[in-house]
Amino acid sequence: VKKSIFTSLSLAMAMLLLLSTFVIAANLSSPGRLWAGAIWALTLAGFTFLIYRTGKVSRYRRLFFVIYAVSFVLVFISRLIEARGSMALTSDVIARREAPLCPVALPQLLLPAVLKGTLIFPTKLVGGPYGGFYPILFLWFVSVVTLGRGWCSWGCFFGGIDDGFAAILKKPSINPAWIRKWRLFPFAVLMFAVLLAFATMQPVYCTWLCPLKVVTEYGAVTNTVRLVQAVIFVTLGVGLLFLLPLLTKKRAQCGIFCPLGALQSLVGVVSPYRVRIERNKCNGCRICRRSCPALSIGNEPSGRPSIELTCTRCGQCMDTCPQKAIDFAFIGSGCFSEGRSLTSRFLGDDPSRLKRIALGPLRFLEEMLEARTFFVFTAIFFGATLSGSFVPDALVRLYHLGTAGTLLIK
Ligand code: SF4
Ligand code: SF4
């Protein structure tokens with residue numbers, strides 16, 4: 001499933017052209033940001049080329065995703081400290097409804113917003129540094145109808161953290177078999193979070209359980225209740241974001257806890273893409289099942305692997321399958337794999353140079369129309385748009401750290 005150099009270069013150039021506009025628009029605040037933006041746009045075009053040319057989707061996606069998550073956390077925390085003096089969410093900020101809305105909070109907000117017309121999160125409907133409720137809702141909607149649960153491997157602000165830790169060791173230090181038993185737990189967390197939020201008209205999951213608070217903002221610890229909440233989020237955060245991914249090589253936060261991930265799995269069926277296993281190529285070795293960081297490959301009664309609803313479309317199984325039996329597919333179609341393409345049928349096993357040149361345009365057309373081409377391009381563009389201001393800002397701050405000794409700019 002490697003693409004030709006011409007197709008890969010064309011797609012990378014198209015990505016660079018598109019991103020140039022976005023990066024310029026997102027980084028007009030200073031010449032330093034503009035330079036950093038140009039570097040990031042070039043890097044993303046490079047990742048685009050490498051994914052298509054080498055056929056290794058997850059290898060370069062993961063690199064992008066980790067850089068994006070680290071940059072997001074670094075910039076988000078720095079901006080909070082610049083604006084408030086600390087990462088803590090104070091009663092003042094709550095009263096002014098100035099808390100940035102995290103997409104993971106969305107499932108709790110939908111029922112109270114639709115049925116009671118109340119926004120139960122202390123953020124603005126529109127406005128504030130990260131847009132407010134409607135822009136985040138729009139972002140979620142776009143991601144779910146285009147990428148489905150691909151959000152969790154290409155767009156999530158935090159996903160690169162557990163994904164990165166899961167990639168550090170070559171082999172798991174503890175047998176990950178037990179963690180698979182918990183893979184439906186996010187659906188229970190989702191139901192609990194949605195119902196409790198509606199019953200209490202409070203974002204209870206955010207206040208009591210969210211493990212992501214270890215890398216974003218948290219309620220200021222001013223009394224015993226807040227202290228208990230802090231102990232819970234630190235324990236869950238360290239366990240699910242760092243320790244379990246490191247030891248099991250599985251994305252624990254994403255695979256066994258996150259309620260937004262569960263919602264994406266359910267609503268993501270509207271997306272036009274799927275990950276499919278080509279039955280006549282698969283030899284049943286189950287390497288894909290072991291390598292899936294999201295615990296999303298199950299077993300059919302025949303013992304063959306099957307892709308489950310929770311698939312985050314990361315591409316890891318495609319990278320590791322020795323038979324090249326897994327690929328992206330359009331909904332309702334099979335895999336559009338190289339082995340069955342028109343070009344390869346015409347070319348035969350040992351094509352002459354002339355034949356290859358003559359069939360070049362047909363191959364280009366076929367490669368451009370594959371589900372993999374569309375999905376990967378859309379996913380990189382989506383992630384690139386979200387990271388377009390964070391990564392350049394992080395680069396400028398790191399430069400500032402080297403020259404002025406601090407990440408804070410104001
Ligand atoms: S790694 Fe490939 S060949 Fe092995 S079970 Fe999975 S799909 Fe089949
Ligand atoms: S099934 Fe494949 S694409 Fe889906 S989450 Fe697992 S490794 Fe990633």
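Note that ligands are numbered from 1 as they come in the structure, with each ligand's atoms numbered from 1 the same way. Worth knowing before you read on, the calculation uses all heavy atoms, side chains too, and leaves out hydrogens, waters and symmetry mates.
For ligand 1, the atoms sitting less than 4.0 Å from at least one non-hydrogen atom of Pro322 are 1 (S), numbered in the order shown with element in parentheses. Residue-ligand proximity, Gly315 to ligand 2, at heavy-atom distances under 4.0 Å covers atoms 3 (S), 8 (Fe). For ligand 1, the atoms sitting less than 4.0 Å from at least one non-hydrogen atom of Ile326 are 7 (S), numbered in the order shown with element in parentheses. Close contacts between ligand 1 and Cys321 involve ligand atoms 1 (S), 2 (Fe), 3 (S), 7 (S) [criterion: under 4.0 Å to a heavy atom]. Of all atoms in ligand 2, numbered sequentially from 1 with element shown, those under 4.0 Å from a heavy atom of Arg313 are 3 (S), 4 (Fe).
Two rings, from Phe76 and Phe157, have their centers 6.0 Å or more apart.
Salt bridge status for Asp393 with Arg33: present, with a side-chain N to carboxylate O gap under 4.0 Å.
Side chain of Arg397 to backbone of Leu407: a donor-acceptor contact under 3.5 angstrom is found. No donor-acceptor pair closer than 3.5 Å links the side chain of Arg61 to the backbone N or O of Gly315. Arg149 places no side-chain N or O within 3.5 Å of a backbone atom of Arg313 that could act as its donor or acceptor partner.
Each protein N/O/S atom under 2.8 Å from atom 6 (Fe) of ligand 2 was counted, for a total of 1.
Residue pairs meeting the side chain to side chain donor-acceptor pair (under 3.5 Å) criterion with at least one member in residues 181-195, sequence neighbours excluded: Arg183-Glu308.
Checking Thr7 against Ser10 by side-chain atom types alone, no donor-acceptor pair falls below 3.5 Å.
Counting heavy atoms under 4.0 Å from ligand 1, residue Gln323 touches it through the side chain alone.
With Phe165 as the aromatic partner, Lys249 does not meet the cation-pi criteria of under 6.0 angstrom to the ring centre and within 45 degrees of the ring axis.
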